[in-house]
Peer 1: 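A single structure is presented below for examination.
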Amino acid sequence: MVKFDPKKFEKKWQKTWHENDAYKTEETSDKPSCYVLDMFPYPSGSSMHVGHPRGYVATDVYSRFKRMNGFNVLHPMGWDAFGLPAEETAIANKEYPTVTVERNITKFKTQLQMLGLSYDWSREINTTDANYYAHTQRIFLQFFKQGLAINKTMSVNWCPELGTVLANEDIVNGKSERGGFPVFQMPMRQWVLAITKYADRLVEDLELLPEWPDKVKNAQRAWIGKSEGHQFAFPTDAGVEIPVFTTKLETLPGVTFLAIAPESELTKKLLEKAQNATAISDYIEASRQKTELDRQQLNVKTGVIIEGVNAVHPLTGSLLPIVVADYVLASYGTGAVMAVPAKDERDADMAKVLSLPIIEFAEADTKVLGEKLDAKSEKRYKIRDWVFSRQRFWGEPFPIVWVEGKENYDVIAQGPVGKWLPAQPVSYKDDSKEYFAVPVIPEYLSSMQLPVVKSYEPTGNIEGPLAGIPEWVNAFVNPETGEVANKAKDESWIAVKRETNTMPQWAGSSWYWLRFMDPHNNAEPFSKEAAKYWGAVDVYAGADHAVAHLIYARFWHKVMQDAGLVDYPEPFKRLEFLGYILASDGTKISKRKGNSRSPEEVVDEVGADAFRLYEMFIGPFEKPAPWNDNDLTGAKRFLERVWRFAETTIKSKVATSSEPAVSALQKTIAKVEADIESFKFNTAVSSLMIGLNEMQDEPVALPELKQFLKLLAPFVPHMAEELWQMTGETESIHQGPWPKYDASLIVEDNFMLPVQINGKHRFDIAVSKTATEDEVKSVLDADDSAQKYLANQTIKKIIYVPGRIVSLVI
RNA sequence: GGCCGAGUGGCGGAACUGGUAGACGCGCACGACUCAAAAUCGUGUACCUUCGGGUGUGAGGGUUCGAUUCCCUCCUUGGCCACCA
């Protein structure tokens, strides 16, 4: 007997698989395709803890299972390494971001490989690699060309601590998602992606995703927040009109005042006419100083009435006060609301604070009002256009340079750059000059690579750190060719300034699944053929990113679809969210608390296979589960039993397995394959244990043992391979095929039909699963325990479900 | 406040479209092996019991021959979103 010693064979098989390219995805294949994708990690911290591998092991089990079932499986891994997490770590370590990123990737990769995960490492990608982000820049050019990437001044979330603006999706509970810093509303000029133009499609196409959890679809609908209503304007006695948007036009008779956002342009206009301009200015300034958190969480409404200006009620002609109040959002609707305090709680709060009237009223007819007021039906969305620029160093540079003057822009437009220009030029005015955004076309993107700089820390101004580097900022464009260079090669070249903001972390992850399909393509982000062959990701597993990443990725996919790069509307067919592994005390694993062990330690103690098996057995995949060292030992103990069973079986040279053994095996096949398919790994493992329990004391021949090993292979690939070779096989067990389930081999011995009397289970009787009701009755008549209950009783009713139950009412 | 989800032994959890609640594992107890311990193997393990049986899936009610599963009310708890007019 050879002792079960995973250290002896786990490293060996990892090496062999690596040398044989065992998990390299076939480029062309007759097999059906299956794309199994993990949400790729950002290597910000220094290493993984014991909770991280859960998702990676699950997708590995699934991928191995699919490969054995004859699929050409794409199962890649890469690194989402641009953006705040990596940059903040680098700043904290006082080192260059590339150094941090490289070290963390190495560490992470070693830890993943230690687990025997079957990634095709030849497809590894890194979003900070110039070979990758050149394609992110190319895809941005598609947005630009289609008029979806625009540069505009709007009220945005400014985070002074991080020195950058943030998208709404980056704000959690009024603070920055990264670091939990305060965030302020400020009007600033920013790059914005027009996701609102896709809002309807993003809602409608959720119908195409039956394999997405409803809660994600609901969360996305809520985030997009489509509402339909009417827009019309209130006249004022100051000659300025105040446009409002309402979803309840019928409440117009109840309007007692108008409320406008402090940041709104309208407020500035009205300020000039106000008698209490100072008070209003003070209020605007006070609002500006408030953080998002304060605005949201202080439930006390504040506002100032504009004195000397009144709105006119369109139905009654009565004069309505106008209030500047920061409960009104500048960035939604018109930045002004008609307040109906009798119907709306927020308006009521405001009315009480300022002692404004609250009137009861009869609702009016929407249709009549709509015609009378010339109120147009409008759709509005909670989702904002995506603020896409960051005033940070560690991100993709925009493939954009700025040229001064329309004349110059027109000259450039004559050349090859012309076909990348949007119908509406992107421009801004600064003093008396006007600047135009000019794309750097794909052929010359190498001139837009992130430079190596002395200092990359955030500067806190809206130009970002790149603005301090003249060699980055100052450039020339050749209008004939579109080439961009730091020196003009002749007089025809036009001076330009490179864009100094960078893209957010979300950029690289908004299309990476497509790059995995064709990772070495230099000419384009990915080929149409590759995208067509693989199609949408079959299973996408990872943490719950219900709104941000999954909305951005769907948006980019649709834009790429419209650009003709992909020909299907949704990127991810099926989503599987992962529950976190908690520390043994039920709290979150945290490095600071030191309440968890390292994967290295666990692998060293019980081996990678036992670790994998334990993480699959720990509980339902989507639910959080606390780590338990005893249960880990249980997983190891099971593998030791499998090992002994296999050795005994090989030695025994039994010619034919017993009927119960064959039957047990068949049941296990059916259960394991159904459970893996539906990501119920915990019950799959449990059925493997049951299978072993039922087989280990029976005579088992080699073919049945080998089938059982195949069922184990996705979970414990090293041990399954080792035992497989011990049976005399020379090819890898992971090539399959998966055992074929044969229902006819299952024997149901001693089926006992449960008998219920008046709803209570009393005893069982031996009848066949297919017995007729009369047969059941005659068995009952002869059965002693039955007679105990039934003697001298009349059976009023009998319900018989063959193979299930018989229920008697007496 | 809104939208989801969850509450089952000492613990993690299982239970198909309503059909034997507690699979599987851990822990615990006893036994075998051992000088002894560990490891391993075997047996038992929801609770109460006068040994007939009774009670049990957060609480209370309902539908049903039958409810962890469906419906109503409530309690506890987790997640996500929260001034969007």
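Numbers restart at 1 for each chain; the letters A, B, ... are given by sequence-line order, proteins then strands.
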Peer 1: Measure the CD-CH2 distance between A:Glu207 and A:Trp212 for me, rounded to the nearest 0.5 Å.
Peer 2: 13.0 Å

Peer 1: Under 4.0 Å from OP1 or OP2 of B:C26: is there any side-chain N or O of A:Arg637 that close?
Peer 2: yes

Peer 1: Please measure how far the P atom in B:G54 lies from the corresponding atom in B:G1, and state the result in whole Å.
Peer 2: 45 Å

Peer 1: Can you tell me, in whole Å, how much space there is between the C1' of B:A46 and that of B:U8?
Peer 2: 10 Å

Peer 1: Distance between the C1' atoms of B:G78 and B:U40, in whole angstroms?
Peer 2: 41 Å

Peer 1: A:Arg641 side chain N/O closer than 4.0 Å to the phosphate oxygens (OP1, OP2) of B:A39?
Peer 2: no

Peer 1: Does B:A14 have its OP1 or OP2 closer than 4.0 Å to a side-chain nitrogen or oxygen of A:Asn682?
Peer 2: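 Yes.
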
Peer 1: Give A:Asp214 one of three labels, base, sugar-phosphate or nothing, depending on what nucleic acid heavy atoms sit under 4.0 Å from its own.
Peer 2: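 The residue A:Asp214 makes no contact with any strand.
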
Peer 1: When rounded to the nearest Å, what value does the distance between C1' atoms of B:G79 and B:C11 take?
Peer 2: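 The answer is 23 Å between these two C1' atoms.
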
Peer 1: Distance check needed: B:C11 P versus A:Leu632 CG, whole Å only.
Peer 2: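 For the pair A:Leu632 CG and B:C11 P, the rounded distance is 21 Å.
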
Peer 1: Which part of the nucleic acid, if any, lies within contact of A:Gly759, taking any heavy atom under 4.0 Å across all strands shown: a base, the sugar-phosphate backbone alone, or nothing?
Peer 2: sugar-phosphate

Peer 1: Calculate the interatomic distance between A:Arg804 atom CZ and B:U69 atom P; express it in whole Å.
Peer 2: 17 Å

Peer 1: Does atom OH of A:Tyr800 have more than 12 heavy-atom neighbours from other groups under 6.0 Å away?
Peer 2: yes

Peer 1: Specify the residue among A:Met689 and A:Gly335 whose closest nucleotide of RNA chain B lies further upstream toward the 5′ end.
Peer 2: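 First, find each residue's nearest nucleotide; the 5'-ward one identifies A:Met689.
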
Peer 1: Determine whether a donor-acceptor pair (one donor, one acceptor, N or O, separation below 3.5 Å) exists between the side chain of A:Ser686 and the base of B:C24.
Peer 2: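 For A:Ser686, whose side chain was compared with the base of B:C24, there is no donor-acceptor pair (under 3.5 Å).
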
Peer 1: Over all strands shown, is A:Asp347 touching base, sugar-phosphate only, or nothing at heavy-atom distances under 4.0 angstrom?
Peer 2: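 Counting heavy atoms under 4.0 Å across all strands, no contact is made by A:Asp347.
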
Peer 1: Which comes earlier along RNA chain B counting from the 5' end, the contact point of A:Ala635 or that of A:Val806, where each point is its nearest nucleotide?
Peer 2: A:Val806

Peer 1: In whole Å, measure the gap between the C1' atoms of B:U76 and B:G58 for me.
Peer 2: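 Nearest-Å result for B:U76 against B:G58 at atom C1': 7 Å.
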
Peer 1: For the OH atom of A:Tyr614 and the CG atom of A:Leu639, what is their distance to the nearest 0.5 Å?
Peer 2: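 Separation between the atoms: 14.0 Å.
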
Peer 1: Taking atom P in both B:U17 and B:U69, what distance in whole Å separates the two?
Peer 2: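 Rounded to whole Å, the distance is 14 Å.
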
Peer 1: Only pairs with both distances under 3.5 Å count, Watson-Crick or wobble alike; so what is the partner of B:C24 in this structure?
Peer 2: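 Its partner is B:G12.
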
Peer 1: Whom does B:U43 pair with, Watson-Crick or G-U wobble, provided both distances fall under 3.5 Å?
Peer 2: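 B:U43 is paired with B:A29.
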
Peer 1: So, OP1 or OP2 of B:A23: does either fall under 4.0 Å of a side-chain N or O from A:Thr683?
Peer 2: no

Peer 1: Under 4.0 Å between a side-chain N/O of A:Asn173 and OP1 or OP2 of B:C81, yes or no?
Peer 2: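 A:Asn173 to B:C81 OP1/OP2: no side-chain N or O under 4.0 Å.
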
Peer 1: With rounding to the nearest 0.5 Å, note down the distance linking CZ in A:Arg54 to CD1 in A:Ile618.
Peer 2: 6.0 Å

Peer 1: Roughly how far apart, to the nearest Å, are B:U77 and B:A32 at atom C1'?
Peer 2: 46 Å

Peer 1: Between P on B:G25 and NZ on A:Lys680, what's the gap in Å once rounded to a whole number?
Peer 2: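 Taking atom P of B:G25 as the reference, NZ of A:Lys680 is at 19 Å.
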
Peer 1: Identify the nucleotide, in any strand shown, that forms a Watson-Crick or G-U wobble pair with B:G52, with both distances under 3.5 Å; if there is none, say none.
Peer 2: none

Peer 1: What's the separation between atom OG1 in A:Thr334 and atom CZ in A:Phe245, rounded to the nearest 0.5 Å?
Peer 2: 9.0 Å

Peer 1: Is the phosphate of B:U40 approached by A:Arg644 (side-chain N or O, under 4.0 Å from OP1 or OP2)?
Peer 2: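 It does not, given that no N or O in the side chain of A:Arg644 lies less than 4.0 Å from OP1 or OP2 of B:U40.
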
Peer 1: Can you check the A:Glu640 CD to B:C26 P distance for me, whole Å?
Peer 2: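 From A:Glu640 CD to B:C26 P: 11 Å.
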
Peer 1: Scan A:Ser227 against the nucleic acid and name what it touches under 4.0 Å (heavy atoms): base, sugar-phosphate only, or nothing.
Peer 2: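 If one applies the 4.0 Å heavy-atom cut-off, A:Ser227 turns out to touch the sugar-phosphate alone, with no base involved.
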
Peer 1: Determine whether any donor atom in the side chain of A:Glu345 lies under 3.5 Å from an acceptor atom in the base of B:G1, or the reverse, and answer yes or no.
Peer 2: no

Peer 1: Would you classify A:Lys760 as touching base, sugar-phosphate or nothing, given that sugar-phosphate means primed atoms plus P, OP1 and OP2, and contacts are heavy atoms under 4.0 Å?
Peer 2: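 The residue A:Lys760 makes sugar-phosphate contact but no base contact.
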
Peer 1: In Å and rounded to the nearest 0.5 Å, what is the CG to CG distance from A:Leu613 to A:Leu712?
Peer 2: 8.0 Å

Peer 1: I need the A:Phe638 CZ to A:Asn693 CG distance, nearest 0.5 Å.
Peer 2: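 So the CZ of A:Phe638 and the CG of A:Asn693 are separated by 8.0 Å.
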
